[in-house]
Amino acid sequence: MCPLQQLPFHKKIKEIREGGGWTLVATVHENNNAELPDGDGNWSNRNTFGTAEGATSGDFKNPGYYDIVAEDMSVWHVPNNFPLEHRKLAAILRYYTDNRFLRLYGGKLFQLFLQYPVRYNIGSFSNRGPAIPIVFDHGDRESTKILYGPNPRVEFEPDFITFRATNNERSVMAICSGVKPTTGYNTEHYCIGGGGYFHPDQCGDFQPFDWDRLGREQGWSASKEMTEAAVLLFYC
């Protein structure tokens, strides 16, 4: 299991360390503005915001996102507004990478997204970032598919985390959580976080997860559990 990070600002982040050496560094945040194709640029800048205690009820990013030199990452989907001390048990999905892929990108997502910018209209919909295999800590291949709508399920393959996916409208999503796009380019229905601007019907961190009807798992809509869960990002 990965060791605790030794950081110059350890006193500031000790309250957000999780068991096993994982350090919470961010949740998802971007703005929607056609005149700002990079949005706030928070995937590749040093802005910080939010608190660890409020990570399931508001956006959060701390200095560890750009200061920690990590090897792997973990992602948890935790119901909104869930208490800090219970969020691990409450998570509907938890997974992690174990191939030290972050070594290829300077040890942090900050550097990865400098190489693969999360920016509207940056390229064709086939131009996406790396897809990294994952290991499930809670959940599995089939339960991950069910968290998304029936229509998107034919477009992706579970067991991966994918970065910088672009859809038909050239809107750019930062992370496809637990999946890798394979056929079709409607990634707004199963990828999160964005780069500056989306089609008016695709705005927000979760874009049109409720495209048909929220929580009915109908058509393109994700499940209520997925739509109403915060996404927590950890480094190791």
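Since this is a predicted model, take the numbers as computed values, not measurements.
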Donor-acceptor under 3.5 Å (Ser74 side chain, Tyr96 main chain): no

Under the salt bridge (charged side-chain N to carboxylate O under 4.0 Å, His left out) test, residues paired with Asp98 that sit two or more places apart: none

Value rounded to 0.5 Å, distance of CG in Asn151 from NE2 in His189: 8.0 Å

Parallel, tilted or perpendicular, as decided by the 30° and 60° cut-offs, for the rings of Tyr148 and Tyr190: perpendicular

Minimal non-hydrogen separation, Gly139 against Leu93, with atom names: CA-CD1, 4.3 Å

Counterpart residues, ring-ring contact (aromatic ring centres under 6.0 Å, His included), relative to Phe160 (two or more places apart): none

Heavy-atom side-chain contact between Arg119 and Arg164 under 4.5 Å: no

Only distances under 3.5 Å count here; give the side-chain donor-acceptor pairs of residues 172-182 to other protein atoms, sequence neighbours excluded, each with its distance to 0.1 Å.
from	atom 1	to	atom 2	distance (Å)
Ser177	OG	His77	NE2	2.6
Ser177	OG	Tyr95	OH	3.2
Thr182	OG1	Glu155	O	3.1

Stepwise side chain to side chain contact (heavy atoms under 4.5 Å, CB included) check, Leu109 with Phe163: CA-CA 10 Å; Leu109 294 179; Phe163 300 95; 3.7 Å; yes

Separation between CD1 of Ile146 and CD of Glu225, rounded to the nearest 0.5 Å: 10.5 Å

For Asp159, salt bridge (charged side-chain N to carboxylate O under 4.0 Å, His left out) partners two or more places apart: Arg141

Nearest atoms (heavy-atom pairs only) where Val78 meets Ala91: CG2-CB, 4.1 Å

Phe234/Trp76 aromatic ring centres below 6.0 Å: yes

Heavy-atom donor-acceptor pair, Arg170 side chain to Thr166 backbone, under 3.5 Å: no

Flag side-chain contact, heavy atom, 4.5 Å: Ile192 against Val231: yes

pair Asn99-Pro133: side-chain heavy atoms closer than 4.5 Å: yes

Step-by-step side chain to side chain contact (heavy atoms under 4.5 Å, CB included) determination, Leu232 to Val75: CA-CA 6 Å; Leu232 280 58; Val75 179; over 6 Å; no

Close side-chain approach of Leu24 and Tyr235, heavy atoms under 4.5 Å: no

Sequence-distant partners of Lys145, salt bridge (charged side-chain N to carboxylate O under 4.0 Å, His left out), two or more places apart: none

Closest contact, heavy atoms only, Gly64 versus Val25: C-CG1, 3.7 Å

Asn167 side chain to Glu188 side chain, donor-acceptor N/O pair below 3.5 angstrom: yes

Any Phe136 side-chain heavy atom under 4.5 Å of Arg94 side chain: no

Value rounded to 0.5 Å, distance of CD1 in Ile68 from CG in Leu102: 10.5 Å

Min side-chain heavy-atom separation Val135-Thr97 under 4.5 Å: no

All side chain to side chain donor-acceptor pair (under 3.5 Å) counterparts of Asp140, not counting sequence neighbours: Ser143

Reported CG-to-CZ distance for the pair Leu112 and Phe110, which is rounded to 0.5 angstrom: 11.5 Å

Interatomic spacing from CD in Glu142 to CG in Leu147 - rounded to 0.5 Å: 11.5 Å

Distance, nearest 0.5 Å, that separates NZ of Lys108 from CG of Asp67: 6.5 Å

Residue pair Thr183, Val154: steps toward the side chain to side chain contact (heavy atoms under 4.5 Å, CB included) verdict: CA-CA 7 Å; Thr183 61; Val154 301; 5.5 Å; no

Check against side chain to side chain contact (heavy atoms under 4.5 Å, CB included), Asp137 and Lys88: CA-CA 10 Å; Asp137 184 39; Lys88 183 174 184 179; 4.3 Å; yes

Test item: Leu114 and Gln111 side chains (from C-beta on) under 4.5 Å apart, heavy atoms: yes

Gly129 to Tyr116 - nearest heavy-atom pair and separation: CA-CD2, 3.7 Å

Minimum side-chain heavy-atom gap Phe101-Glu71 below 4.5 Å: no

